[in-house]
Amino acid sequence: MWARYQAIDRVTGTPGIGIDPLLNEQYGSEIGSSGNQYYDQLQDYANILIRRRALVFTPDVWFRVNWKTLRVELEGAAVLGRFNEINDSSAFDASQGNDRDDVYTIKDTTDMGRRWLTQFGYALEFKYGLFKDKFHLGLDHGFASGDNDPRFRYNTPWNSNLDDRTWSKFRFNPAYFSDLLLFRELLGTASNAAYFKPWLAFYFFDNNFSGRLDIEYAVAPQRTNTWGNKANYGLEIDAAFRYHDRQEPIFFQLQYGVMFPFGAFNRGVEYSPDGTLAGVPNNGDPKAAQTVQAQLGIRF
């Protein structure tokens with residue numbers, strides 16, 4: 001866990017960098033206008049800095065239990081805190097005579113808003129060996145919180161819903177692979193998701209060969225953050241066959257995966273591919289995705 005507090009001098013003042021001829025030099029002096037171009041650029045940059053007053057805690061808990069052929073491993077992490085930002089919801093309120101340019105002007109503390117961070121996620125792995133540890137039964141489960149962000153913004157770290165001052169979108173490390181397609185390729189990582197993956201594996205021929213079958217089902221805690229405004233991401237089936245020499249660090253693996261998308265991947269009839277209201281027809285819901293992968297490697 002770590003926390004950081006840092007004060008920055010001259011965090012508010014004349015906003016902007018350079019001039020905008022359409023706004024009658026509203027943003028202040030032109031860069032380099034006083035003869036010292038390097039200094040003016042730094043000063044203009046300093047003038048648009050914001051005193052964030054950020055305080056963030058990132059607790060992380062991990063434990064593992066090994067007993068005979070049983071292994072249970074769990075890790076949970078959270079991002080909790082707050083920080084200040086420009087109150088964009090009022091700055092962009094056209095009904096109050098404001099437009100996007102008002103976001104560059106900080107007059108007093110009422111122009112500042114506070115964002116809250118309440119992100120949480122965990123991953124659970126369970127494995128139990130039978131028949132002298134030649135047959136394995138397992139269950140992988142994970143959860144990552146999400147925002148009520150409008151659809152088409154799955155993997156962004158922010159919440160573009162101006163009425164919600166909380167960022168709750170937790171994202172797994174992309175290097176943590178739980179499948180072949182859904183989170184690894186289609187979504188990039190687990191975020192706004194809960195998945196359940198039972199699996200089984202069998203070792204044979206003096207444990208030099210093994211086969212494994214995984215079945216994964218995933219849902220979205222916040223369905224408004226999916227393309228189809230539905231909770232079900234889909235079902236994925238992965239199979240693998242592997243040769244691993246017990247004496248030498250050489251292995252060869254052949255994998256096949258198929259992912260059947262559900263309602264979360266459907267495209268609404270009123271949305272175009274770029275997420276804008278365009279009134280174009282739906283050209284069809286997504287179909288199953290497949291992958292075949294072969295790997296040859298050396299363990300070290």
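Quick note: numbers below take in every heavy atom, side chains included, and nothing from hydrogens, waters or symmetry partners. Treat the numbers as computed from the prediction; the structure is a model and nothing was measured.
No single ILVMFWY cluster, assembled from side-chain heavy atoms under 4.5 Å apart, contains both Tyr233 and Phe262. Hydrophobic clustering places Phe172 together with Leu182 (ILVMFWY residues linked when any side-chain heavy atoms are closer than 4.5 Å, directly or through intermediates). At a threshold of 4.5 Å between side-chain heavy atoms, the hydrophobic network of Ile, Leu, Val, Met, Phe, Trp and Tyr places Leu181 and Phe177 in two separate groups. Leu124 and Leu137 fall within the same hydrophobic cluster, defined by Ile, Leu, Val, Met, Phe, Trp and Tyr side-chain heavy atoms under 4.5 Å apart, directly or through other members. Note on Phe251 and Phe205: separate hydrophobic clusters, where clusters join Ile, Leu, Val, Met, Phe, Trp and Tyr whose side-chain heavy atoms are under 4.5 Å apart, directly or indirectly.
Within the 4.5 Å cutoff, side-chain heavy atoms of Glu75 are placed close to those of Asp60. Proximity of Leu187 to Phe265: side-chain heavy atoms (C-beta onward) are separated by under 4.5 Å at one or more points. Counting heavy atoms from C-beta on, the side chains of Glu185 and Thr291 never come closer than 4.5 Å.
Looking at residues two or more places apart in sequence or on another chain, you find a ring pair (Phe, Tyr, Trp, His ring centres under 6.0 Å) between Phe202 and Phe204. In this structure, Tyr195 has no side-chain hydrogen bond (donor to acceptor under 3.5 Å, both in side chains) partners at least two apart in sequence or on a different chain. Here Ser145 pairs with nothing under the side-chain hydrogen bond (donor to acceptor under 3.5 Å, both in side chains) rule; sequence neighbours left out. Qualifying side-chain hydrogen bond (donor to acceptor under 3.5 Å, both in side chains) partners for Asp206, counting only residues two or more places apart in sequence or in other chains: Arg246. With sequence neighbours left out, the ring pair (Phe, Tyr, Trp, His ring centres under 6.0 Å) criterion links Tyr217 to no other residue. Applying the ring pair (Phe, Tyr, Trp, His ring centres under 6.0 Å) criterion to Tyr256, with sequence neighbours excluded, gives no partner residue. For Trp62, the side-chain hydrogen bond (donor to acceptor under 3.5 Å, both in side chains) test picks out Glu73, with sequence neighbours left out. Residues passing the ring pair (Phe, Tyr, Trp, His ring centres under 6.0 Å) test with Phe83, sequence neighbours excluded: Trp167. A search for side chain to side chain contact (heavy atoms under 4.5 Å, CB included) contacts involving Phe131 returns Phe135, not counting sequence neighbours. Scored by the salt bridge (charged side-chain N to carboxylate O under 4.0 Å, His left out) test, Lys127 finds no partners at all (sequence neighbours excluded). Scored by the salt bridge (charged side-chain N to carboxylate O under 4.0 Å, His left out) test, Asp214 finds Lys197, Arg212 as partners (sequence neighbours excluded).
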| query | Are Trp199 and Asp140 close enough, and set up right, to give a side-chain contact (heavy atoms from CB on, under 4.5 Å), and what steps lead you there? | reply | CA-CA 8 Å; Trp199 58 268; Asp140 294 347; 3.5 Å; yes

| Under the side-chain contact (heavy atoms from CB on, under 4.5 Å) criterion, do Lys169 and Asn225 qualify, and how do the steps go? | CA-CA 10 Å; Lys169 190 177 299 181; Asn225 196 211; 3.6 Å; yes

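For the atom pair OG1 (Thr69) and NZ (Lys134), the distance works out to 13.5 Å, reported to the nearest 0.5 Å. Distance check, rounded to the nearest 0.5 Å: CG of Asn208 to OH of Tyr243 gives 5.5 Å. Between the CD atom in Glu125 and the OG atom in Ser178 there is a gap of 9.5 Å [rounded to 0.5 Å]. Separating the CZ atom in Phe196 from the CD1 atom in Ile215 is a distance of 15.0 Å, to the nearest 0.5 Å. Interatomic distance, Leu117 CG to Leu80 CG, rounded to the nearest 0.5 Å: 8.0 Å. Atom CG of residue Leu186 and atom CG of residue Leu180 lie 11.0 Å apart, to the nearest 0.5 angstrom.
The list of salt bridge (charged side-chain N to carboxylate O under 4.0 Å, His left out) pairs with a residue in residues 288-298, not counting sequence neighbours, is empty.
By the 30° and 60° cut-offs, the orientation of the rings of Phe120 relative to Phe143 is tilted.
Using a distance-only test at 3.5 Å, with no hydrogens or angles considered, no donor-acceptor pair links the side chain of Asn84 to the main chain of Arg53. The main-chain N or O of Arg184 is found under 3.5 Å from a side-chain atom of Asp179 such that the two form a donor-acceptor pair. Judged by distance alone, with hydrogens and angles left aside, the side-chain atoms of Arg171 form no donor-acceptor pair with the main-chain N or O of Ser191 at under 3.5 Å. Using a distance-only test at 3.5 Å, with no hydrogens or angles considered, no donor-acceptor pair links the side chain of Glu236 to the main chain of Phe260.
Here the shortest heavy-atom pairing between Asn229 and Thr224 reads OD1-CA, 3.4 Å. Across all non-hydrogen atoms, the minimal contact from Phe183 to Ala218 is CZ-CB, 4.0 Å. The two residues Pro198 and Leu139 have their closest heavy-atom pair at N-CD1, 3.7 Å. Shown here for Asp147 and Thr166, the closest heavy-atom pair between the two residues is OD1-O, 3.5 Å. Here the closest non-hydrogen pair linking Gly146 and Gln222 is O-CG, 3.5 Å. Nearest heavy atom pair, residue Ala193 against residue Pro221, reads N-CD, 3.4 Å.
Other residues, nucleotides and ligands contribute only 12 or fewer heavy atoms inside 6.0 Å of the OH atom of Tyr128.
Between Thr118 and Ser168, the side chains place a donor N or O and an acceptor N or O closer than 3.5 Å (distance only, hydrogens not considered).
Between His141 and Tyr122, the ring center distance clears the sub-6.0 Å criterion.
Each of Tyr203, Phe252, Phe209 was checked for a side chain to side chain contact (heavy atoms under 4.5 Å, CB included) with His244, and the lone residue meeting it is Tyr203.
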